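Only heavy atoms go into these numbers, but all of them, side chains included; no hydrogens, no water, no symmetry mates. For clarity, every value in this text was computed on a predicted model and none was experimentally measured.
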Amino acid sequence: RIDWQVGPLEQLLARETSNQVNELLARLPEVQADALRLRFFGGLTFPEIAAAMRCSEPGAKNRVKTGLLTLSKWLVAGETPTPRESGALR
């Protein structure tokens, strides 16, 4: 989809960022990545995440927290994927 309100550079940067986020999520354990997707892309609450993932609410919170901490550690260490690794165009 082309957003005519946003310039080509902004569209490219948004696509590259999206690819980097997907690459990092793919490196997480599946339950953590799924919990993060449900929370931040799906907008679900922790009780809703728990129901969707068939775990307790504290378990859902722990999956999100652990995933965020791991992503943070990778980003601080500079382990962000390059555009080539994430599939973005150069």
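To the nearest 0.5 Å, the span separating CD on Gln20 from CG on Leu75 amounts to 9.0 Å. In this structure, the separation between CZ on Phe46 and OG on Ser56 is 12.0 Å, given to the nearest 0.5 Å. One distance of note links CZ of Arg15 with CD of Glu10; it measures 12.5 Å at 0.5 Å rounding.
In plain terms, the two heavy atoms of Trp74 and Leu24 that are nearest each other are CZ3-O, 3.5 Å. Of all heavy-atom pairs spanning Ala60 and Ile49, the tightest one is CB-CG2, 3.7 Å. When all heavy atoms are compared, the tightest approach of Ala35 to Arg63 is CB-CB, 3.8 Å. The minimum heavy-atom distance linking Leu38 with Ala52 is given by the pair CD1-CB, 4.2 Å. Contact record, Leu44 with Arg39: O-NH1, 3.0 Å, taken as the closest heavy-atom pair. Summarising the geometry of Val64 relative to Leu36, their closest heavy-atom pair is O-CD2, 3.7 Å, with the distance given to 0.1 Å.
Side-chain contact between Phe41 and Val21 is present, with at least one heavy-atom pair separated by less than 4.5 Å.
With sequence neighbours excluded, the residues satisfying side chain to side chain donor-acceptor pair (under 3.5 Å) with Thr45 are Glu48. By the side chain to side chain contact (heavy atoms under 4.5 Å, CB included) test, Thr66 pairs with Gln32, Asn62, Thr70, sequence neighbours left out.
Linking ILVMFWY residues whenever their side-chain heavy atoms come closer than 4.5 Å, directly or via other members, places Phe40 and Leu71 in the same cluster.
Between Arg27 and Glu23 there is no salt bridge, since no side-chain nitrogen of the basic residue lies less than 4.0 Å from a carboxylate oxygen of the acidic one.
Summarising the hydrophobic clusters (Ile, Leu, Val, Met, Phe, Trp, Tyr; side-chain heavy atoms under 4.5 Å, direct or chained), the residues clustered with Leu9 are Leu13.
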